[in-house]
Amino acid sequence: MIRLLVLDSGVGGLTVLDEIRRARPDAEVLYVADDAFFPYGALAEDALVARVVELAAGLCEEWRPDAVVIACNTASTLVLDPLRARLSVPVVGTVPAIKPAAAASQSKRFSVLATPGTAARDYTRALIAAHAAGCDVTLVAAPALAAHAEAELAGTPVPDETLAAAIAPCFVARNGTRTDAVVLACTHYPLLAARFAGLAPWPVAWLDPAPAIARRVVSLLGDADGSAPAGSGTIRFTSGRAPGAPLARALEARALAFAHR
Ligand code: DGL
């Protein structure tokens, strides 16, 4: 049995939790949705670092996890070093799947769909420079998509036109080649992946970093003991809100019990 703290600004990190659960069904998970500070993508850099480090440090003291998973690209672009300096347990971050996209793209033209924070960071640009040489990369900042993903899971999906307009800049046709891959560089976006695929002007590969994060957890903490009982999970919202019925069903489907604190 391992204990994991999984942290995001909202329910996006559930897409990461799903993969971790597949890899380590025995994990006991505390999932914290820091919705009091949602969206992280709009926070100033200093404010984001201070918030996530304080929150994670307090939760580690209280809950003593074996590892912390920052299931959020926006936070991971800034907080991993300060968090590792502060915590004594391993910290697993979320890295946009730029390297896999460069490898998967046949046309060598791919897009990175991200929050405004992630799109603006040197961290993201450095990943593109290091891993996507020879590719034409379009970086798309989507100010409202994480909120649209929250709405989807809360049972109030946004209209097709709104989503189609948000993903449209990802699709580039130039000099006889077209975008053939889109990096989902926010953990909220895989919650909308089926809708994106239905609205895309042409088919592309949609790349989600969650399986790689689960592999990293396994490489740090080992494989599940096949005989161990299934782990339990708890979710907390830092705003103190209680989930409405559709979200409560989505949480129940993930065997996450809601706790006020
Ligand atoms: N889920 C987060 C990410 O991966 C961010 C959403 C937000 O802006 O809070 O970037």
Side-chain angles (χ1 to χ4, degrees), residues 5-20 29 31-56 68-80 83 91-98 100-101 111-125 127-128 139-154 158 163 166-167 170 182-193 196 206-214 216-217 235-239 241 247 250-251 254 256:
L5 171 63
V6 179
L7 195 56
D8 181 34
S9 59
V11 295
L14 294 176
T15 62
V16 174
L17 177 65
D18 290 344
E19 291 297 329
I20 292 174
V29 174
Y31 184 103
V32 175
D34 189 17
D35 62 336
F37 283 75
F38 179 89
Y40 278 178
L43 286 189
E45 299 194 352
D46 289 359
L48 178 57
V49 172
R51 169 62 182 171
V52 176
V53 171
E54 278 319 302
L55 179 64
V68 175
V69 179
I70 302 299
C72 174
N73 292 264
T74 311
S76 296
T77 59
L78 293 172
V79 304
L80 298 178
L83 262 186
V91 178
V92 179
T94 304
V95 179
I98 287 165
S111 296
V112 178
L113 184 60
T115 65
T118 297
R121 293 298 185 245
D122 292 345
Y123 177 95
T124 308
R125 288 161 199 272
L127 281 175
I128 292 171
L139 200 45
V140 178
L145 264 185
H148 296 337
E150 292 276 331
E152 180 90 3
L153 217 59
V158 298
L163 287 189
I167 64 170
C170 294
V182 177
V183 176
L184 297 173
C186 167
T187 55
H188 278 73
Y189 301 168
L191 295 170
L192 296 167
F196 289 165
W206 300 93
L207 297 162
D208 174 3
I213 299 168
R216 179 75 190 133
V217 169
I235 185 166
R236 239 186 243 179
F237 292 87
T238 57
S239 67
R241 77 175 161 125
L247 179 55
L251 300 175
R254 291 171 166 88
L256 280 178

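All ligand and atom numbering here is 1-based and tracks the order in the structure. One-based numbering along the sequence shown.
- We find that E150 and R241 are joined by a salt bridge, their nearest charged nitrogen and carboxylate oxygen being less than 4.0 Å apart.
- Here the closest non-hydrogen pair linking G13 and T187 is N-OG1, 3.7 Å.
- F237 is linked by a ring pair (Phe, Tyr, Trp, His ring centres under 6.0 Å) to nothing, counting only residues two or more places apart in sequence or in another chain.
- At a cut-off of 3.5 Å, with distance as the only test, a side-chain donor of D34 or T238 sits close to an acceptor on the other residue.
- Protein residues having a heavy atom under 4.0 Å from any atom of ligand 1 are D8, S9, F38, P39, Y40, G41, C72, N73, T74, T115, A146, C186, T187, H188, listed by chain and number.
- In terms of heavy-atom proximity, L191 sits nearest to E152 at O-CG, 4.2 Å.
- Between V32 and V6, every side-chain heavy-atom pair lies at or beyond the 4.5 Å cut-off.
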